Amino acid sequence: DRATLRRALGGRDEITESMEAKASGRPGANASVMWRYFTTSVYQSGDLPALATREALQNSVDAIKAAVRSRKTAAGAGRFTVTWDPARRALSWEDNGIGMDADTILAKFLSLGESGKGAAGDSEEAAGGFGVAKAVILGTSPTFRWEMHSRDNLAVSEGANQDVSIYDAPFLQGTRITIFDVADDFDH
């Protein structure tokens with residue numbers, strides 16, 4: 001605001017009035033570098049597939065609770081499965097929770113620091129909420145190749161510096177995330 005700028009510059013109106021904006025913008029970040037940072041720095045002390053499974057389970061518990069509250073899943077009928085396909089080096093997690101629409105995938109799931117859990121009243125409604133668990137989940141693939149089927153959406157990533165595309169898909173109650181190219185360092 002001009003008044004604050006004038007005070008900061010000693011009240012010299014002629015300076016502030018003659019200042020023209022050269023450019024404008026927002027703080028930005030290289031997304032692939034930030035995702036890799038959260039995978040290797042925040043979660044540096046462990047087995048990434050095991051940590052990713054813990055984070056996926058925590059998110060699935062929240063999604064199943066939301067599905068029970070909205071009467072999409074019966075109480076006690078929540079399901080979480082983990083599948084490893086060594087031939088494709090693919091690790092999958094699937095639940096029958098509330099799932100995500102395309103807007104939630106783009107605005108929350110693909111945005112570090114966004115979780116959509118900020119309105120949760122307590123830990124019974126949502127665990128976590130910092131919006132960085134997805135970094136270890138998706139970052140377990142060093143190539144950042146993954147796909148996610150949620151509701152009637154299939155989100156596909158072909159690599160770290162590629163756009164994520166969302167396609168129409170047959171309806172799935174819940175979410176299935178599959179990451180590819182898991183490093184053989186984790187075969188133990």
Side-chain angles (χ1 to χ4, degrees), residues 29 31-40 42-43 47-68 70 72-73 77-118 120 126-183 186:
S32 63
V33 170
M34 293 307 298
W35 281 81
R36 184 136 346 269
Y37 165 76
F38 277 102
T39 302
T40 59
V42 175
Y43 295 98
D47 182 338
L48 288 178
L51 289 168
T53 299
R54 180 193 71 198
E55 297 295 348
L57 174 60
Q58 188 170 340
N59 287 346
S60 291
V61 167
D62 292 341
I64 291 166
K65 286 178 181 179
V68 169
S70 67
K72 305 277 186 202
T73 301
R79 177 182 45 78
F80 176 77
T81 59
V82 180
T83 306
W84 168 243
D85 181 345
R88 296 187 321 152
R89 307 230 32 98
L91 182 58
S92 298
W93 305 277
E94 184 172 353
D95 66 52
N96 63 339
I98 196 73
M100 292 178 267
D101 59 24
D103 289 339
T104 301
I105 293 168
L106 292 172
K108 304 277 192 277
F109 186 77
L110 294 178
S111 181
L112 288 173
E114 290 290 341
S115 69
K117 299 177 185 179
F130 295 106
V132 296
K134 58 205 136 208
V136 73
I137 293 169
L138 301 180
T140 300
S141 167
T143 60
F144 207 66
R145 281 190 339 106
W146 56 269
E147 63 185 36
M148 177 174 58
H149 187 173
S150 190
R151 295 187 188 168
D152 61 349
N153 303 292
L154 179 64
V156 178
S157 171
E158 293 296 334
N161 294 316
Q162 305 292 317
D163 285 345
V164 173
S165 298
I166 300 177
Y167 304 98
D168 281 328
F171 185 81
L172 172 73
Q173 175 65 46
T175 301
R176 180 178 53 244
I177 301 171
T178 302
I179 57 168
F180 302 99
D181 310 320
V182 174
F186 300 112

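Keep in mind that what you see is a predicted model, and the values were worked out from it rather than measured. In what follows, every heavy atom counts, from backbone to side chain, and hydrogens, waters and symmetry copies are set aside.
Counting only distance, with no hydrogens or angles, the side chain of R151 and the backbone of G174 share no donor-acceptor pair below 3.5 Å. At least one donor-acceptor pair closer than 3.5 Å links the side chain of R89 to the backbone N or O of V182. At distances below 3.5 Å, not a single donor-acceptor pair connects side-chain atoms of S60 with backbone N or O atoms of D95. Checked by atom type and distance alone, the side chain of S157 never pairs as donor or acceptor with a backbone atom of W146 at under 3.5 Å.
Rounded to the nearest 0.5 Å, atoms CD1 (I166) and CD (E147) are 13.0 Å apart. For the atom pair CG of N153 and OG of S165, the computed distance is 12.5 Å after rounding to the nearest 0.5 Å. The distance from atom CZ of F109 to atom CG of N59, rounded to the nearest 0.5 Å, is 8.0 Å. Interatomic distance, I177 CD1 to L138 CG, rounded to the nearest 0.5 Å: 6.5 Å. How far CZ of F80 is from CG of L57: 5.0 Å, rounded to the nearest 0.5 Å. One finds the OG1 atom of T140 at 7.0 Å from the CG atom of L91 (value rounded to the nearest 0.5 Å).
Listed by first and then second residue, the salt bridge (charged side-chain N to carboxylate O under 4.0 Å, His left out) pairs that reach into residues 157-183 are E94-R176, R145-D181, sequence neighbours excluded.
Inter-residue side-chain proximity for Y167 and V156 is flagged as met; some heavy-atom pair is nearer than 4.5 Å.
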Run the side-chain contact (heavy atoms from CB on, under 4.5 Å) test on K108 and M100 for me, step by step, so that the C-alpha distance in whole Å, both residues' side-chain angles and the decisive distance to 0.1 Å come before the verdict. CA-CA 10 Å; K108 304 277 192 277; M100 292 178 267; over 6 Å; no
Output, in order, the C-alpha distance, side-chain angles, deciding distance and verdict of side-chain hydrogen bond (donor to acceptor under 3.5 Å, both in side chains) for T178 and S92. CA-CA 4 Å; T178 302; S92 298; 2.7 Å; yes
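A donor-acceptor pair shorter than 3.5 Å can be found between the side chains of T175 and S150. Of the N and O atoms on the side chains of T104 and D101, at least one donor lies less than 3.5 Å from an acceptor on the other residue. In this structure, a donor-acceptor pair under 3.5 Å is absent between the side chains of W93 and T81.
Smallest separation of non-hydrogen atoms from F180 and A90: CD2-CB, 3.7 Å.
Taking T73 as the reference, A67, V68, A77, N96, Q173 meet the side chain to side chain contact (heavy atoms under 4.5 Å, CB included) condition, with sequence neighbours excluded.
The pair D62-K65 does not count as a salt bridge, with every side-chain nitrogen at least 4.0 angstrom from each carboxylate oxygen.
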